[in-house]
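Before any comments, here is the structure.
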Number of protein chains: 2
Amino acid sequence: MEYTVRVRMNEKLFLRDPESSDLGRRIVRHSIRLIADIGFEEMTFRKLADRIGTTEASIYRYFENKHRLLIYLVAWYWQWLEYQVLFQTNNLADTREKLERVLRLLLLKDFPESETSMDAIDIRALYSIVIQESSKAYLTHHVTQDNKEQLFKPYKDLCRRIAGIIREYQPNYPYAQSRASSLIETAHYQAFFMKYLPSLTDLGTDSNLPVGNDERLLGFLRHLLFSSLDAENF
Amino acid sequence: MEYTVRVRMNEKLFLRDPESSDLGRRIVRHSIRLIADIGFEEMTFRKLADRIGTTEASIYRYFENKHRLLIYLVAWYWQWLEYQVLFQTNNLADTREKLERVLRLLLLKDFPESETSMDAIDIRALYSIVIQESSKAYLTHHVTQDNKEQLFKPYKDLCRRIAGIIREYQPNYPYAQSRASSLIETAHYQAFFMKYLPSLTDLGTDSNLPVGNDERLLGFLRHLLFSSLDAENF
DNA sequence: TCTCAATTGATAGTATTACTATCTTTATTG
DNA sequence: CAATAAAGATAGTAATACTATCAATTGAGA
């Protein structure tokens with residue numbers, strides 16, 4: 001069975017819906033690759049236009065500016081990830097197993113490796129953008145204004161869903177929201193540190209160890225999460 | 001007794017040592033206030049020059065560009081904070097107490113409220129920069145190059161010191177470095193979320209609670225840290 | 001098939017940013 | 001008092017982040 005999950009985006013995130021046209025989809029697909037390649041600060045609408053074979057002005061018809069494009073991309077990722085969490089934890093009886101699934105999804109393990117068609121979002125590239133750039137979406141001086149426009153709702157929804165699973169596992173836990181948001185951030189920060197500043201972690205390339213690096217990160221996150229949820233008192 | 005702690009900075013961080021001249025010190029002091037006021041992206045050397053009463057060109061004699069200035073400021077903070085940790089945990093017999101001091105320092109509690117002279121670094125403003133902007137220091141595409149120039153050494157040193165205290169407390173703990181770096185990041189992220197995206201936390205302004213917000217954050221961090229260090233197995 | 005409207009392309013233009021260069025003035029120091 | 005270094009003044013440049021305008025294309029309905 002073939003199916004596609006369409007992520008329905010908040011209309012504030014764009015001027016014209018990029019999923020509604022060929023050009024729009026190309027802008028999104030190529031911007032993901034371009035940002036993953038050269039970084040967000042180095043990405044310009046001109047470079048993106050050149051790569052796509054369109055013009056700056058045309059891109060501006062879809063996105064107000066490149067910051068909004070970044071918010072769009074990470075919002076898409078959060079919505080996609082929330083759907084994966086929902087789908088993969090659905091009907092699981094064991095709440096610990098649900099949390100395990102969440103941990104693996106946060107590291108982009110076990111996700112449906114669907115079509116590698118040119119028209120598909122490159123999830124791995126998007127994941128690397130999320131790691132390196134996503135916090136720039138809200139670490140701005142206009143975060144309050146952006147928040148009023150609901151631009152961060154997908155991120156909040158994901159946190160809320162994970163917090164819900166946390167509460168299923170441990171109904172008395174008083175920090176479910178903070179635990180969820182710090183889990184997500186820690187997963188991404190440690191992944192970044194492992195790659196670029198490994199001395200900030202203990203998860204580096206100990207190639208004589210029997211497990212891969214992301215298994216070690218998974219182990220660390222599992223330890224952090226369950227030690228806090230299973231603590232005697234909070 | 002009056003004393004001043006001089007933070008000795010890596011020479012790669014500047015072109016001319018800003019602590020060596022009046023203009024240099026004004027650049028540093030005012031840039032802290034300006035960035036805290038309007039945000040890092042909105043700060044330009046022109047605006048800074050206007051505020052100081054100097055010229056763009058003069059500022060460029062001290063700092064290669066504004067990214068280097070940011071790295072300088074946060075590096076200064078990490079060095080200052082490491083000194084505070086060193087000083088406040090020195091000669092403490094109880095290693096749990098040492099960690100408590102670290103937690104409080106990470107939230108900028110109990111630091112020496114020295115001179116409020118015009119010539120002093122505004123630590124509270126710098127702390128707000130650290131919360132909002134510090135990750136931009138390394139979330140770049142040239143992080144590897146910057147790292148080679150040792151620009152992040154102060155951050156690593158702080159992490160290593162905290163990791164050392166963690167190992168004093170729990171010698172078998174296998175994730176001391178990752179625990180330290182994630183502790184620092186979590187402290188700052190949760191502080192940011194509390195201020196701007198409070199629904200991502202459980203630490204919001206429940207004004208009917210007997211403790212202030214940062215006491216709640218402290219409680220969360222304490223819980224996270226000690227539940228992981230006191231876990232049965234790792 | 002024609003027409004209207006929407007989309008895209010092509011081109012140009014502007015204010016600002018992130019610098020670099022040069023030359024003069026001022027301050028310091030031996 | 002001379003020499004030198006720091007700072008000021010001024011100018012200039014390439015790139016960025018847009019905005020504006022108009023023409024060409026397309027496609028959907030009458």
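None of these values were measured; they are calculated from a predicted model.
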Subject >> Between A/Ser182 and A/Tyr175, a side-chain donor and acceptor under 3.5 Å >> reply: no
Original post:
Taking atom P of C/dT8 as reference, at what distance in whole Å does atom CD1 of A/Ile52 sit?
Top reply: 11 Å
Original post:
Hey, does the Lys NZ or Arg CZ of B/Lys66 hover above the aromatic six-ring of B/Phe45, less than 6.0 Å from the centre and inside 45° of the axis?
Top reply: no
Subject >> B/Leu15 CG - D/dA6 P separation (whole Å) >> reply: 12 Å
**OP:** Ignoring backbone atoms, test whether A/Ser58 places a side-chain nitrogen or oxygen under 4.0 Å from the OP1 or OP2 oxygen of C/dG9.
**Re:** yes
Subject >> Phosphate OP1/OP2 of C/dT8: any A/Ser21 side-chain N/O under 4.0 Å >> reply: yes
Subject >> Exercise: identify the closest heavy-atom pair between A/Lys12 and A/Leu151 >> reply: CB-CD2, 3.8 Å
Original post:
Looking across every strand, which nucleic acid part, if any, lies under 4.0 Å from B/Phe63 by heavy atom: base, sugar-phosphate, or nothing?
Top reply: nothing
Original post:
How many Å lie between CZ on A/Arg68 and C1' on D/dC18, as a whole number?
Top reply: 15 Å
Original post:
When you check the side-chain N and O atoms of A/Ser181 and B/Gln190, is any donor under 3.5 Å from an acceptor?
Top reply: yes
**OP:** Starting from C1' on C/dG9, measure out to CG on A/Asp22 and report it in whole angstrom.
**Re:** 15 Å
Subject >> Nearest-angstrom distance from the residue atom CZ of B/Arg25 to P of D/dA6 >> reply: 14 Å
Original post:
Rounded to whole angstrom units, what separation is found between the CZ atom of A/Phe14 and the P atom of C/dT7?
Top reply: 13 Å
Original post:
Around A/Lys153, counting heavy atoms of other residues, nucleotides and ligands shown, do more than 12 lie under 6.0 Å from its NZ?
Top reply: no
Original post:
In whole Å, what is the span from the CG atom of B/Asp50 to the P atom of D/dG8?
Top reply: 13 Å
**OP:** Round to the nearest Å and state the distance from B/Arg16 atom CZ to D/dA5 atom C1'.
**Re:** 8 Å
Original post:
Any chance NZ of B/Lys136 has more than 12 other-residue heavy atoms, nucleotides or ligands included, within less than 6.0 Å?
Top reply: yes
Identify each atom pair where a protein N or O and an N or O of nucleotides 17-23 of chain C are less than 3.5 Å apart, giving names and distance.
unit_1, atom_1, unit_2, atom_2, d
C/dC19, O5', B/Tyr60, OH, 3.0
C/dC19, N4, B/Glu56, OE1, 3.3

Original post:
Less than 4.5 Å apart, any side-chain heavy atom of B/Leu103 and any of B/Leu218?
Top reply: yes
**OP:** Give a yes/no on whether any side-chain N or O of A/Tyr62 is located under 4.0 angstrom from OP1 or OP2 of C/dT7.
**Re:** no
